[in-house]
Amino acid sequence: MQVRTVSTTPFQDQKPGTSGLRKRVAAFRQAHYLENFVQSIFDTIGVPPHATLVLGGDGRYYNREAIQIILRMAAANGFRRVLAGQGGILSTPAASCVIRKYQTHGGIILSASHNPGGPDGDFGIKYNAANGGPAPEKITEAIYAQSKKIAHYRIADAPDVVLDRPGDYEIGGMTVTVIDPVSDYAGLMESLFDFAAIRTLLAGGFRIRFDAMHAVTGPYAQEIFLNRLGASADSLMNAVPLPDFGGGHPDPNLTYAHELVELLYGGDAPDFGAASDGDGDRNMILGKHFFVNPSDSLAILAANAHLVPGYAQGLAGIARSMPTSAAADRVAEALGIPCYETPTGWKFFGNLMDAGKVTLCGEESFGTGSDHVREKDGLWAVLFWLNIIAARRQPVETIVREHWARFGRNFYSRHDYEGIPLDAASGVMKLLLGSFAQLQGAQFGNLKVKLCDDFSYTDPVDGSVSTGQGVRILFTGGSRIVFRLSGTGTEGATLRVYLEAFEPDVSKHHLDAQQALAPLITIALQISGLRKRTGREKPTVIT
Ligand code: VG1
Ligand code: CO
């Protein structure tokens with residue numbers, strides 16, 4: 001094998017965000033750009049003898065080219081084997097599953113998740129460690145530091161590997177094992193959930209509709225819902241992955257998954273609707289004419305986990321990201337288990353799961369998962385819901401309303417201001433950070449500020465500290481407003497405003513969330529001056 005050592009110069013912008021490095025496709029296509037980052041990963045993690053790497057992506061534009069480059073670099077950097085998804089495909093949770101099942105050294109996942117794809121869209125890359133989870137901050141920081149001083153990368157001269165048929169292929173002394181991207185994952189799902197009960201539910205006329213949004217979950221949904229659970233073919237939509245996701249925005253929320261939403265809110269609606277994102281780690285759950293807030297979803301899964309075979313032995317604990325509503329906290333309290341509050345991003349859950357401190361984790365951003373893998377998992381959440389419905393024999397809406405009646409309702413919403421100028425976004429944050437003294441104890445109508453701070457987190461397992469994780473304005477009575485800048489965008493800045501109010505009174509649970517949160521929305525606009533600074537009258541997306 002001919003290994004070339006190529007001289008290169010660093011790029012200054014390879015800092016991983018909330019979930020890996022995301023840039024426009026055009027940025028990744030610059031000479032040496034991808035190679036620099038991949039070499040920085042290998043230099044940081046070290047490649048021990050006989051190491052195996054998992055490699056796959058969400059199938060978006062540039063996925064195949066990137067995989068060929070990474071295979072040649074893996075061979076040149078001393079990997080013994082790469083497990084690659086057939087066709088270059090592996091959903092994020094499936095990659096996590098494969099890393100764990102085959103006890104590999106780690107994996108590289110190519111995805112920009114819910115960001116649009118195509119030649120003018122986004123591409124992304126992230127490294128997951130041997131536990132199957134996103135590399136923790138100290139590793140992503142080290143990769144970034146390495147990317148700023150890199151001088152060479154190593155790459156083998158070898159022809160492309162055919163990725164379209166399972167089997168073993170040789171490249172520069174390294175074996176590439178092309179695996180079926182679906183079967184290990186589908187097997188894991190079957191081991192956790194009561195497939196027989198779900199099959200009976202579906203056979204009895206319960207109608208479901210799953211929207212893969214032209215992204216990676218299509219083949220997984222085909223195998224799990226159609227082949228293994230006997231759902232009818234019309235249960236799936238947009239199930240063929242496309243490199244540009246059909247021109248859409250593969251983000252399962254009320255705005256971007258509107259095709260599914262219209263069906264579920266229309267006449268003769270199915271009983272259950274769900275969608276997943278570009279790389280398969282997010283989920284949206286809908287009932288007939290009903291939307292399940294993701295924060296509520298986490299709480300409801302926890303409260304009903306005893307009905308699901310994989311979790312019937314009990315939960316060790318729950319973790320949620322800071323902006324996620326406190327609905328899960330009350331369930332944890334009732335179950336007598338701990339609830340942890342972490343910064344945004346799945347990488348903060350890994351240590352807690354590895355240490356056996358938590359079983360379920362969730363984020364308000366349509367992410368839920370458990371310690372079965374170390375990523376959030378879209379189809380897992382859908383199956384969890386179907387298992388609960390099969391056991392309780394109640395519609396989605398009834399399950400949610402009964403939950404609120406028992407635990408109280410956490411009205412919740414997130415308002416995103418996307419693509420605003422960077423200086424306007426940082427101006428808003430700076431203003432807020434400078435107003436803590438003034439806000440502390442301030443009275444707004446019947447809401448009184450109890451505390452404001454810039455959230456920081458000390459990992460209870462390794463003691464690492466993460467600061468600057470979002471401005472929190474906490475009111476007496478449990479209401480709060482959180483302001484945060486997104487760490488996954490590729491253009492301008494996205495300001496996220498998270499709003500939450502707790503309502504124990506069941507006679508008010510029917511209210512619309514925006515209506516119930518109106519006083520908080522007014523306060524948020526007032527104290528941040530965001531309309532003036534951003535020139536935006538309204539958020540781009542409300543979830
Ligand atoms: C967003 C979400 C966060 C999630 C992250 C990755 O991050 O808010 O909860 O973990 O995306 O999800 P940010 O920094 O833009 O708010 V995914 O499906 O893109 O891997
Ligand atoms: Co995702």
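Atoms within a ligand are numbered from 1 in the order they appear, just like the ligands themselves. Position 1 is the first residue of the sequence; numbering continues from there.
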Atom indices of ligand 1 within 4.0 angstrom of [X] heavy atoms, with elements:
{"X": "Asp277", "value": "18 (O)"}
{"X": "Thr18", "value": "5 (C), 7 (O), 13 (P), 14 (O)"}
{"X": "Arg496", "value": "8 (O), 13 (P), 15 (O), 16 (O)"}
{"X": "Gly487", "value": "13 (P), 14 (O), 15 (O)"}
{"X": "Arg484", "value": "13 (P), 14 (O), 16 (O)"}

Worksheet item: For ligand 1, does Ser486 get within less than 4.0 Å through its side chain, its backbone, both, or neither, judged by non-hydrogen atoms?
Response: both
Worksheet item: Heavy-atom contacts under 4.0 Å between Thr494 and ligand 1: side chain, backbone, both, or neither?
Response: neither
Using heavy-atom distances, let me know which of [options] sits nearest [atom].
{"atom": "atom 17 (V) of ligand 1", "options": "Ser113, Pro343, Gly20", "result": "Ser113"}
{"atom": "atom 8 (O) of ligand 1", "options": "Arg414, Glu363, Met322", "result": "Arg414"}
{"atom": "atom 5 (C) of ligand 1", "options": "Lys126, Arg282, His114", "result": "Arg282"}

Specify the protein heavy atom at minimum distance from [atom]: its residue, its atom name, and the distance to 0.1 Å.
{"atom": "atom 20 (O) of ligand 1", "result": "Asp281 OD2, 3.2 Å"}
{"atom": "atom 6 (C) of ligand 1", "result": "Lys376 NZ, 3.5 Å"}
{"atom": "atom 7 (O) of ligand 1", "result": "Thr488 CG2, 3.5 Å"}
{"atom": "atom 2 (C) of ligand 1", "result": "Ser365 OG, 3.5 Å"}

Discussion item. Within rounding of 10°, what is the angle whose vertex is the Co ion (ligand 2) and whose arms end at OG of Ser113 and OD1 of Asp279?
Written reply: 100°
Worksheet item: What does the angle at the Co ion (ligand 2) come to, between atom OD2 of Asp277 and atom OD1 of Asp281, rounded to 10°?
Response: 90°
Discussion item. Any heavy-atom pair between the side chains of Phe483 and Arg496 that's under 4.5 Å?
Written reply: no
Discussion item. With a 4.5 Å cut-off on side-chain heavy atoms, are Lys23 and Asp13 touching?
Written reply: yes
Where the side chain of [X] meets the backbone of [Y], is there a donor-acceptor pair that is under 3.5 Å apart?
{"X": "Asp416", "Y": "Glu418", "answer": "no"}
{"X": "Gln30", "Y": "Phe28", "answer": "no"}
{"X": "Ser276", "Y": "Arg282", "answer": "yes"}

Discussion item. Could you tell me if Arg330 sits above the aromatic ring of Phe502, with its cationic atom closer than 6.0 Å to the ring centre and no more than 45 degrees from the axis?
Written reply: yes
Discussion item. So for ligand 1, is Thr344 a polar contact partner (N or O within less than 3.5 Å, distance only)?
Written reply: no
Worksheet item: Judging by distance only, is a nitrogen or oxygen of Leu485 under 3.5 angstrom from one on ligand 1?
Response: no
Fill in: Arg22 near ligand 1 by a heavy-atom separation under 4.0 Å
yes
Worksheet item: Within less than 4.0 angstrom of ligand 1, does Gly345 place any heavy atom?
Response: yes
Fill in: Arg320 with Glu363: basic N within carboxylate O range, under 4.0 Å
no
Discussion item. Is there a salt bridge (charged side-chain N to carboxylate O under 4.0 Å, His left out) between Lys15 and Glu141? Walk through the geometry before answering.
Written reply: CA-CA 8 Å; Lys15 186 178 169 61; Glu141 285 300 323; 3.0 Å; yes
Worksheet item: Going through the distances and angles, do Phe349 and Asp371 end up as a side chain to side chain contact (heavy atoms under 4.5 Å, CB included)?
Response: CA-CA 9 Å; Phe349 294 135; Asp371 60 359; over 6 Å; no
Worksheet item: Should Phe291 and Val261 be marked as a side chain to side chain contact (heavy atoms under 4.5 Å, CB included) after you check the CA-CA gap, both sets of side-chain angles, and the distance that decides it?
Response: CA-CA 9 Å; Phe291 165 71; Val261 172; over 6 Å; no
Discussion item. Before you tell me yes or no, could you show the steps for Asp354 and Arg374 under salt bridge (charged side-chain N to carboxylate O under 4.0 Å, His left out), namely the whole-Å CA-CA distance, both residues' side-chain angles and the distance that decides it to 0.1 Å?
Written reply: CA-CA 9 Å; Asp354 287 349; Arg374 291 294 182 274; 2.7 Å; yes
Discussion item. If you apply the rule salt bridge (charged side-chain N to carboxylate O under 4.0 Å, His left out), what do you find for Arg209 with Asp211, and how did you get there?
Written reply: CA-CA 7 Å; Arg209 189 68 63 104; Asp211 186 353; over 6 Å; no
